[in-house]
> 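Sending over a structure as structure tokens; questions will come in a sec.
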Amino acid sequence: MFIINFKNYEEISGPKAAKLAAVAQRISKKYKTKIAIAPPQNLLGIKYAGPILAQHVDNSKTGSTTGFVIPELLKASKISGSLINHSEHRIPPKDIKELIERLRQLNMVSVVCVQDVSEASLYAKENPDFIAIEPPELIGSGKAVSKERPELITNAVKAVHDARNNTKLLCGAGIVSGDDVRKAMELGASGILVASGIIKSKNWNDVVDEFAKAVIKKSK
Ligand code: G3P
């Protein structure tokens, strides 16, 4: 799995987001591989043939919950799933657990972001589709988790495996090259969650192509 988190970067504001979505769609088709995109909430209606994930979802009820984004309405808008507990939008453990279950009931994809191995272990027990480990200090740094903290990936892979369910491990933070992606996959990750390495690059096509190639090479 390869997820591009658009965050709220100026580079993808307004119509620019559609350009990046078109690049992801073209490359996904070229390699017959899934690339998920996570645009900001105001751009969730973007045209994209692959999976669209919300960057955040609230554990709020349907009905009178002004300004909250809830799973049932995301589902009704054909959104495939959501990141939960991203480092830049952390939520309490009780909400994380309840949201994993709510998304499961709706057949939606859950991607729980964690900062360390103990969190990976804790939330893997809830059987989300994916755990994404991202050390906060490397996010947006250009220094890849796969090279700076390789042990974090191998230990998180083990923690997820020990939960003995279907959860897969993704990793992210500072990934900027195909080599960073290859290294993550060699360490046992099932994919990547990436933002600035793509959004801030001058040539979206080349970088998405390079990352996709590195993800599928190992998944085969
Ligand atoms: O969600 C992706 C993320 O937090 C990693 O960000 O910019 O280091 O790829 P970045």
Side-chain angles (χ1 to χ4, degrees), residues 1-13 16-17 20-21 23-24 27 34-41 43-44 46 48 50-57 69 79-91 96 99 103 109-117 119-120 123 128-150 152-153 156 167-185 187 189-204 206-212 214-215:
M1 177 68 134
F2 172 9
I3 305 173
I4 306 174
N5 181 1
F6 289 21
K7 300 199 175 180
N8 276 320
Y9 283 117
E10 200 279 327
E11 286 85 343
I12 53 79
S13 62
K16 294 180 237 168
L20 179 53
V23 167
I27 289 167
K34 233 182 235 177
I35 300 177
I37 61 169
Q41 313 292 37
L43 294 174
L44 282 173
I46 199 166
Y48 186 64
I52 300 177
L53 305 177
Q55 295 178 5
H56 171 80
V57 62
V69 178
I79 302 305
S80 304
S82 185
L83 305 185
I84 297 172
N85 195 46
H86 190 278
S87 233
E88 292 152 6
H89 203 150
R90 303 260 288 173
I91 59 174
I96 297 174
L99 280 167
L103 293 179
V109 178
S110 51
V111 183
V112 177
C113 300
V114 300
Q115 298 185 334
D116 57 38
V117 176
E119 286 184 354
Y123 296 117
D129 296 292
F130 298 96
I131 297 268
I133 193 155
E134 302 194 309
E137 71 280 7
L138 294 179
I139 292 179
S141 69
K143 287 191 249 160
V145 57
S146 50
K147 291 185 176 160
E148 299 288 315
R149 304 277 315 274
L152 192 68
I153 301 176
T167 305
K168 292 195 170 76
L169 185 93
L170 308 179
C171 69
I175 291 178
V176 290
S177 73
D179 199 43
D180 297 339
V181 180
R182 255 185 303 282
K183 181 89 181 136
M185 302 302 284
L187 292 164
S190 298
I192 52 161
L193 172 58
V194 62
S196 57
I198 291 175
I199 315 292
K200 297 255 170 207
S201 107
K202 295 260 175 301
N203 188 326
W204 286 342
D206 287 1
V207 74
V208 176
D209 193 288
E210 189 184 336
F211 286 15
V215 170

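Small disclaimer: the values here were computed from a predicted structure and weren't measured. Both ligands and their constituent atoms are indexed starting at 1 by order of listing.
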> Which heavy atom of Phe6 sits nearest a heavy atom of Ala17, and at what distance?
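The answer is CE2-O, 3.8 Å.
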> Just jot down the ligand 1 atoms closer than 4.0 angstrom to any heavy atom of Val194, in number order.
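Result: 9 (O).
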> Around atom 6 (O) of ligand 1, find the nearest protein heavy atom and jot down its residue, atom name and distance.
Lys7 NZ, 3.3 Å
> Parallel, tilted or perpendicular for His56 and His89, by the 30°/60° rule?
parallel
> Which one of Pro135, Ser196, Cys113 has a non-hydrogen atom at the shortest distance from atom 10 (P) of ligand 1?
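Closest candidate by heavy-atom distance is Ser196.
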> Compare every heavy atom of Asp180 with every heavy atom of Gly174, then report the nearest pair and how far apart it is.
O-OD2, 4.0 Å
> For the residue pair Ser87 and Gln115, confirm or rule out a side-chain donor-acceptor distance under 3.5 Å.
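Yes, because at least one side-chain N or O of Ser87 sits under 3.5 Å from a partner of the opposite role on Gln115.
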> Run down the list Glu134, Gln55, Glu88 and name the one with the heavy atom closest to atom 2 (C) of ligand 1.
Glu134
> Under a 4.0 Å heavy-atom limit, does Ile139 contact ligand 1 with its side chain, its backbone, both, or neither?
both
> Would you check whether Gly174 reaches within less than 4.0 Å of ligand 1, judged by its heavy atoms?
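Flag set, Gly174 near ligand 1.
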> If I compare all heavy atoms of Ile46 with all of Pro39, which pair ends up nearest, and what's the gap?
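Smallest heavy-atom distance, with atoms named: CG2-CG, 4.0 Å.
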> Give the atoms of ligand 1, by number and element, whose distance to some non-hydrogen atom of Asn5 is under 4.0 Å.
1 (O), 2 (C)
> Which residue and atom name correspond to the protein heavy atom nearest atom 1 (O) of ligand 1, and how close is it?
His86 NE2, 2.8 Å
> For atom 9 (O) of ligand 1, what's the nearest protein heavy atom and its distance?
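The closest one turns out to be Ala195 N, 2.8 Å.
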> With a 4.0 Å cut-off on heavy atoms, is Ala173 touching ligand 1?
yes
> Which heavy atom of Gln41 sits nearest a heavy atom of Val69, and at what distance?
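Where Gln41 meets Val69 most closely, the heavy atoms are NE2-CG2, 3.8 Å.
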> Just checking Lys143: does its NZ atom have more than 12 heavy atoms from other residues, nucleotides or ligands closer to it than 6.0 angstrom?
no
> If you look at every heavy atom in Asn5 and Ala195, which pair is closest and at what distance?
O-CB, 3.2 Å
> Within ligand 1, which atoms have a heavy atom of Leu193 less than 4.0 Å away?
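The atoms of ligand 1 under 4.0 Å from a heavy atom of Leu193 are 1 (O), 2 (C).
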> Distance-only, no hydrogens or angles: does the Glu210 side chain make a donor-acceptor pair with backbone N or O of Gly178 under 3.5 Å?
yes
> Counting from 1, what ligand 1 atoms have a heavy atom of Gly140 closer than 4.0 Å?
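Per the distance check, 7 (O), 8 (O), 10 (P).
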> Would you say Ser141 and ligand 1 have an N/O pair spaced under 3.5 Å apart?
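There is no such contact.
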> So, is Ile175 polar-close to ligand 1, with some N/O to N/O distance under 3.5 Å?
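No.
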